[in-house]
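Note: hydrogens, waters and symmetry copies are ignored here, and every other heavy atom, side chains too, is used.
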Amino acid sequence: MNELIPLMVIVPIICALLLNLLHGKDKISRIIALIVAIVIPIIAIVANTGLHYFGGYTPLAFNGTLLGTLPTALANSNIVFFHPAITYSLVAMKKIFIFVLGIVIFLSLFTYFNKYKKISGPFMFLVFMGTAAVSAMLLTDDIFNMYIFFEIAALTQTGIILASDSEGSTETALKYMILGSIGGPILLLGIGFILGAVGSVNISDIVYAIKTNMVDPYSPVLLIGFAMIFFGWLYSSGLPPFNTIKSLIYSKGTPEASAILTTFSVFTMVALGIAMFRIFGYLSVYKIIIILFALLAMVLGVSMAVVQTDFRKMLGFLAVGELGFIALGFGIGTKISMTAGLFQAFNDIVITSLLFIGFGTIYYLTGTSDTRKLGGLISLNPKVAIMLLFGGFALAGVPPFNGFQSKLMLVQSALNAGYPELAIIVVLVSIVVFMTFVKAFHSIYLKPKPENLKFVHKEIPSLAIFSVAILLIICLIVGIYPRIVTYGFAQYLGGLI
Amino acid sequence: MAFYDLLLNSLKEVKGKIKDDPLTSDNVSGATAGELTIISVTLIAAILLSHINLLISALIIIILAVFLITNLPLIPKVIKEENNSLDTMMFYVILTMGVVVCLIYWGVAYV
């Protein structure tokens, strides 16, 4: 059932268009949105792994009839292995990611519907359009197709911030768009260089051309192309120098929007990161440059998070800092480190969504995110407090949660690869993440309640608690049985490395 | 407590320029942790260069150590640079673009 593969992109696009048309008709919009959010992970599970050739255009080498009609010189050349049309590939790793994407979208929308009586059609449109875009980025084997969806994902992220309608969100969205007007075209230019050098935008074709020396692997055109694609990757992931704007957009969105935005960022990071690794992994400088930016993201993210007194900003910086761990896994470049990187990406999606939705309940209750104005909230709902504490533990890498497993795997991979310094840094940064979280938790929940603390709402929405609980259960299950996800990742990477 | 006082005064100065919030022990403990993280991670990361060249690594560690010590406290400077200003962001974006291109284009020949 390879025909189901493109449905993971088509279904959310149709849903997005429908929801935009149905703006104002809340009941039907809610039903459609929730059904589609459930359908996406189901398609991911049901669809067979394999390739889907758009238009049925397989490489000429697989089409005996057509191959026989070609001139001998052409039929015997390597060109026959090139992909003439866009190709989508589905493997266990991609299934896992799209499954978790569907879960996060479903829980975020569930919480959103519970909080707001009137729902925004444009917001829903942007959420599903973004979902389609990041799914396509992960599925496609065509780097130009990836760029198209990269731009759509960037625009939807800008739109989601605008639709969040919080203080300063318009300014932040505009800044993100301006920076995107540098990151996007530079990525496109990089793809142009690759196309110029290889003559194809299909990633498998590019890898094949480089491996079979059809093009010089150290050609200046390819190297500049790599530099530009790498720069686009920094923008899409939110690694330095884009860490400030990325953390800012996370802190300006509604909690549900922030959970969705982090998921989108991790997806684009993983999709482009894998494409870069497949194409340029042979370059010695590849590892160095990725490790450099990973370390920068980790140190800047965590050192900025620890000084924040606004928990939304703190979470924004922590989310960016965690991206550094994913990049570090990619940078070390071994099978186990890449598995750890992908595992960390999976965990990052679940944990940051949990924390954004969970901490969102505090903002919902009090209308403030300033930790100095908060305190004593544990008495209000101890269950949520405990769940958030465990979520923070998962983020910092405390056993038995999933964050512990991925960070342990990262430390082991760094040691195995002969980089004990990186292992020390991972442990060090995790300790500071733990301290940052405990500091914020103490300020919000444990210190005496300020006399002037006022409440905007009386109770936490029940579905927000439900969402946090589900995400925490995923953290725990994956923490105890990491092979549920790591097996699929390792299997995929075994074919690449 | 010379380092602590240095950090405290510097934070007061920066906070005064940004907003009127009072400076609490929470701020200072966070800033101290941030400060130590930056110093330790930077120096450990510099040791990584020994995989490429031991001499360069030693040289960079000495330069970094001098730079970090003479520029203490670092965290207020990082906070200043990591602000919401579009101009600052653009500056670092362009700087990074230059660094990335140089590192990849010439780095391949020497690494």
Side-chain angles (χ1 to χ4, degrees), chain A residues 168 171-172 174-175 178-179 182-183 186 218 220 223-224 226-228 230-231 234-235 240-245 247-248 280 283-286 288-289 291-293 295 298-300 302-309 317 370-372 418-419 421-422 424-425 428-429 431-432 435-436 439 442-443, chain B residues 11 14-15 19 21-22 24 26-52 57 74-76 78-79 81-86 88-111:
Chain A
E171 191 189 334
T172 307
L174 194 65
K175 282 178 186 169
I178 291 171
L179 291 172
I182 303 173
I186 286 193
Y218 297 97
L223 294 180
I224 294 294
F226 172 42
M228 290 179 165
F230 179 80
F231 190 76
L234 293 180
Y235 165 72
F242 299 101
N243 60 328
T244 320
I245 189 68
S247 53
L248 205 60
F280 303 108
L283 291 172
S284 51
V285 77
Y286 168 87
I288 297 169
I289 199 158
I291 290 175
L292 174 72
F293 280 89
L295 292 179
M298 282 158 74
V299 73
L300 287 176
V302 81
S303 58
M304 284 300 289
V306 77
V307 295
Q308 297 303 321
T309 49
F317 279 110
D370 191 336
T371 52
R372 290 163 302 183
Y419 301 116
E421 304 88 349
L422 292 178
I424 298 168
I425 292 173
L428 199 73
V429 173
I431 294 168
V432 186
M435 181 210 159
T436 308
K439 193 164 83 82
H442 174 265
S443 301
Chain B
L11 276 176
V14 174
K15 283 212 100 174
K19 44 186 166 179
D21 302 334
T24 63
D26 240 19
N27 300 135
V28 185
S29 66
T32 314
E35 190 87 16
L36 294 173
T37 312
I38 293 174
I39 296 170
S40 49
V41 172
T42 311
L43 290 177
I44 296 169
I47 300 173
L48 268 174
L49 287 170
S50 62
H51 292 277
I52 300 169
S57 171
L74 299 163
I75 206 77
V78 175
I79 295 172
E81 294 305 311
E82 291 277 304
N83 60 21
N84 303 345
S85 155
L86 187 63
T88 318
M89 286 182 206
M90 290 289 254
F91 170 74
Y92 284 108
V93 164
I94 293 162
L95 184 72
T96 307
M97 184 67 216
V99 171
V100 165
V101 170
C102 293
L103 210 61
I104 291 176
Y105 192 78
W106 283 288
V108 170
Y110 298 103
V111 180

- Counterpart residues, side chain to side chain contact (heavy atoms under 4.5 Å, CB included), relative to B:M97 (two or more places apart): A:I186, A:M228, A:F231, B:V101

- Task: Mind listing the closest non-hydrogen atom pair of A:P220 and B:Y105 along with its distance?
- Result: CB-CE1, 3.6 Å

- Query: Do the side chains of A:E171 and B:N84 get nearer than 4.5 Å, heavy atoms only?
  - Reply: no

- Query: What closest approach, in Å, do B:S29 and A:M435 show between heavy atoms, and which atom pair accounts for it?
  - Reply: O-CE, 3.9 Å

- chain B interface, residue from A:S303, A:S443, A:G418 that has the most non-hydrogen pairs under 4.5 Å: A:S303

- Verdict with reasoning, B:V41 to A:M298, per side-chain contact (heavy atoms from CB on, under 4.5 Å): CA-CA 9 Å; B:V41 172; A:M298 282 158 74; over 6 Å; no

- Interface residue of largest heavy-atom contact number with chain B, from A:L428, A:T172, A:L295, under 4.5 Å: A:L428

- With side chains defined as the heavy atoms from C-beta onward, is the minimum distance between A:T244 and B:E81 less than 4.5 Å? no

- Pick from B:I47, B:L48, B:T37: which one has the most heavy-atom pairs with chain A under 4.5 Å? B:L48

- Counting only heavy atoms closer than 4.5 Å, note whether A:Y286 contacts chain B via side chain, backbone, both or neither. neither

- Using non-hydrogen atoms only, which part of A:Y218 is less than 4.5 Å away from chain B: side chain, backbone, both, or neither? side chain

- Query: If you count heavy-atom pairs under 4.5 Å between each of B:V99, B:V78, B:I44 and chain A, which one has the most?
  - Reply: B:I44

- Query: B:E82 and A:N243: side-chain donor and acceptor closer than 3.5 Å?
  - Reply: yes

- Quick one: does A:L292's side chain get under 4.5 Å of B:L103's, heavy atoms only? yes

- Note on the structure: chain B shares the most heavy-atom pairs under 4.5 Å, among A:I182, A:T371, A:I245, A:I291, with A:I245

- Query: Got A:F293 and B:T96 here, is their nearest side-chain heavy-atom distance under 4.5 Å?
  - Reply: yes

- Query: With B:L49, which residues qualify under side chain to side chain contact (heavy atoms under 4.5 Å, CB included), at least two apart?
  - Reply: B:I52, B:S57, B:I60

- Item | Contact winner vs chain B - A:V429, A:T436, A:L283, A:L223, heavy-atom pairs under 4.5 Å | A:L223

- Quick one: does A:P241's side chain get under 4.5 Å of B:M89's, heavy atoms only? no

